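Given the structure is predicted, the values throughout are model-derived calculations rather than measurements. Any value given below was found using the heavy atoms of this structure, including those in side chains, with hydrogens, waters and symmetry copies removed.
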Amino acid sequence: MKRIILYIGILAALLAAPVERADVGKLRPVQAVSIYKEKDWFVIETDTDDLGIGATAEQALRNLKDTTAGIIYLDTAEYLLLSKDAQEAAEELREELKDSVRLCLMAQKVDMKEAAKYLSAHGDLPKLESWKT
């Protein structure tokens, strides 16, 4: 009898807990992310045509999430493209991205949709988990 009351109490607590719901239709799954610098600003761009700008990579990511119409979903990112002057940004964003994200250096700004298609055909890239600055 005591167990049943305990289970009912636990169930009631779970149902009463505040939960932030996310509309699945607003999720914007990302396959490729690029980080580069323009003057002294970090720019993060995705293959979903979303863009964030900030003084640091974390600020640029926050700006990206704040200015996007939907919810940026970085867990689906497969590729991280970095310019040479923005390599330290990968360290700053390591917590936001999966360790299995593949890294690629870019010499100049690229079309992200085409880059995602191109990189998926060339799978021999280093992973974030084994990369060090």
Side-chain angles (χ1 to χ4, degrees):
M1 184 67 173
K2 289 181 183 180
R3 273 192 188 168
I4 293 174
I5 294 172
L6 179 65
Y7 290 145
I8 291 173
I10 292 172
L11 182 61
L14 287 174
L15 293 175
V19 176
E20 183 179 331
R21 296 178 186 229
D23 184 7
V24 177
K26 290 184 179 179
L27 288 179
R28 296 179 63 89
V30 173
Q31 185 177 10
V33 178
S34 72
I35 304 173
Y36 56 93
K37 274 189 157 179
E38 279 188 2
K39 299 181 182 176
D40 289 334
W41 296 94
F42 282 95
V43 179
I44 297 180
E45 191 175 350
T46 68
D47 60 331
T48 57
D49 293 329
D50 296 305
L51 185 85
I53 300 171
T56 66
E58 290 175 355
Q59 289 176 353
L61 180 62
R62 192 171 327 120
N63 180 255
L64 172 75
K65 290 180 177 182
D66 291 343
T67 58
T68 302
I71 301 168
I72 292 291
Y73 193 62
L74 290 178
D75 288 345
T76 59
E78 295 179 33
Y79 305 104
L80 176 62
L81 289 81
L82 299 166
S83 66
K84 287 192 178 202
D85 58 351
Q87 289 184 27
E88 70 271 9
E91 277 303 316
E92 290 182 47
L93 300 179
R94 193 179 284 267
E95 298 295 320
E96 297 288 332
L97 299 167
K98 297 185 304 186
D99 286 338
S100 62
V101 169
R102 303 226 174 243
L103 298 173
C104 182
L105 282 176
M106 60 181 184
Q108 61 188 5
K109 184 180 169 184
V110 296
D111 179 8
M112 291 302 294
K113 289 183 181 182
E114 292 300 318
K117 290 178 190 176
Y118 176 81
L119 292 172
S120 64
H122 299 80
D124 194 25
L125 295 169
K127 293 183 179 180
L128 182 61
E129 65 187 351
S130 61
W131 181 79
K132 294 180 183 175
T133 52

Practice item. Would you sort out whether Glu38 and Ile53 count as a side chain to side chain contact (heavy atoms under 4.5 Å, CB included), showing the intermediate values? Key: CA-CA 9 Å; Glu38 279 188 2; Ile53 300 171; 5.9 Å; no
Quick one, Met112 and Asp49 - any side-chain contact, counting heavy atoms below 4.5 Å?
no
When Ile72, Leu93, Leu51 are each screened for side-chain contact (heavy atoms from CB on, under 4.5 Å) with Ile44, the one that passes is Leu93
In short, Glu92 meets Glu58 closest at the heavy-atom pair OE1-N, 3.5 Å
Tightest non-hydrogen contact, residues Glu114 and Asp111, listed as CG-OD2, 3.1 Å
Test side chain to side chain contact (heavy atoms under 4.5 Å, CB included) applied to Leu74 and Leu61, step by step = CA-CA 10 Å; Leu74 290 178; Leu61 180 62; 3.6 Å; yes
dist Tyr36:OH -> Lys109:NZ (nearest 0.5 Å) comes out at 4.0 Å
Separation between CE (Met106) and CG (Leu82), nearest 0.5 Å, reads 7.0 Å
So CG of Leu97 and NZ of Lys127: to nearest 0.5 Å the spacing works out to 14.5 Å
Using only atom types and a distance under 3.5 Å, with no angle test, would you say the side chain of Asn63 pairs donor to acceptor with the backbone of Gly54? no
- Sub-3.5 Å donor-acceptor pair from the side chain of Lys98 to the main-chain atoms of Asp75, do we have one? yes
Exceeds 12 heavy-atom contacts within 6.0 angstrom, atom CD1 of Ile10:
yes
Query - Beyond-backbone contact of Thr46 with Thr68, side-chain heavy atoms, under 4.5 angstrom - result: no
Do the side chain of Thr76 and the main chain of Val30 share a donor and acceptor less than 3.5 angstrom apart? yes
Note: Ala77 and Val33 closest approach over all heavy atoms is CB-CG2, 4.2 Å
| request: Output, in order, the C-alpha distance, side-chain angles, deciding distance and verdict of side chain to side chain contact (heavy atoms under 4.5 Å, CB included) for Gln87 and Leu105. | output: CA-CA 9 Å; Gln87 289 184 27; Leu105 282 176; 3.6 Å; yes
**Message:** If the threshold is 4.0 Å, N to carboxylate O, is there a salt bridge linking Asp50 and Lys65?
**Reply:** no
One should read off an interatomic distance between Arg94 CZ and Asp99 CG, to the nearest 0.5 angstrom, of 7.0 Å
In terms of heavy-atom contacts, Ala55 and Phe42 come closest through O-CD1, 3.3 Å
Taken to the nearest 0.5 Å, the spacing of Asp85 CG from Ile35 CD1 works out to 11.0 Å
